[in-house]
Amino acid sequence: MKFSDFVVAPAIRADIAADDKPSVIQEMVASLAASGAVRQEDAAGIVAAIMKREELGSTGIGRGVAVPHTKHPSVSKLIGTVGISHHGVDFDSLDGEKVHLMFLLISPPDRPADHLRALENISRQLRDDTFCRFLKQAHSTSEIQQLLDESDTHQFGS
Amino acid sequence: MPDTTAIRTITLVNPQGFHARPAHRFMQLASGFQADVQIIKGNETINGKSILDLLTLGAQNGTTLTLQARGDDAQAAVDALAQLVENGFGEMNEQ
């Protein structure tokens with residue numbers, strides 16, 4: 001699975017303003033709603049579901065990366081967005097570090113395999129230090145989009 | 001120092017596969033052992049003490065993996081980790 005298969009381009013955020021976990025998740029879901037990828041009336045329920053998942057254990061998986069996610073019946077296919085925080089977000093990460101890169105995923109309840117493939121793609125690409133560093137330094141959505149496209153066409157290592 | 005290696009084939013039985021929470025639990029358990037822990041899937045070998053590495057497996061329910069540990073407590077590590085996986089990471093009742 002490629003980034004272009006699930007990342008909703010108009011919902012990408014190059015400079016996340018919020019600096020605590022609930023507000024960041026709200027900001028990213030609002031961005032998906034504004035792009036039309038999820039309905040406005042579903043946004044609050046999606047945010048609540050993602051926060052409930054975070055209570056089971058932070059999705060801040062280390063290296064300044066978090067993958068907040070949930071299953072939600074309002075989506076018919078896996079969708080997601082990318083947010084960059086330049087000042088860093090306290091995400092209760094497993095390694096205690098602040099989070100700068102967030103990949104938020106919403107998947108239909110009956111599609112666990114798609115969710116796994118998205119996590120596989122994200123983690124595989126993020127093992128590449130160059131990709132990780134460039135993403136953290138990106139200052140515009142078009143820059144992020146370009147990095148994701150380059151990653152999709154394997155211009156960063158494997 | 002004796003170089004003890006333990007190896008076992010494991011199958012993912014939980015419906016959701018090796019997603020983020022199982023990866024976290026596996027990493028935590030593996031990190032408690034001194035032995036190096038690796039998972040082999042096809043021609044790929046990953047570090048069992050790294051969540052990022054574990055997530056790259058993208059391993060679904062029913063996937064068979066090779067679990068390998070090397071070090072003094074290798075056998076104990078493989079036994080404990082195989083049990084975690086084969087008990088479905090404690091999430092067998094989740095949909």
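Each chain gets a letter, A, B and so on, in the order its sequence line appears, and its residues count up from 1.
Of the residues A:Q146, A:K2, A:Q125, the one that meets the side chain to side chain donor-acceptor pair (under 3.5 Å) test with A:S151 is A:Q125.
The contact between A:L119 and chain B is made by backbone and side chain atoms together, counting heavy-atom distances below 4.5 Å. For B:L54, no part lies under 4.5 angstrom from a heavy atom of chain A. Only the backbone of B:A59 comes within contact range of chain A, with heavy atoms under 4.5 Å apart. The parts of B:L52 that come within reach of chain A are both its backbone and its side chain, each placing non-hydrogen atoms under 4.5 angstrom from that chain.
Checked against the 6.0 Å centroid threshold, B:F89 and B:F26 do not count as a close aromatic pair.
In this structure, A:S35 and A:P10 approach most closely via the heavy-atom pair CB-CB, 4.0 Å.
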Audit row: A:D90, A:K21, salt bridge (Lys or Arg N to Asp or Glu O under 4.0 Å) steps and yes/no: CA-CA 7 Å; A:D90 183 359; A:K21 188 196 279 197; over 6 Å; no
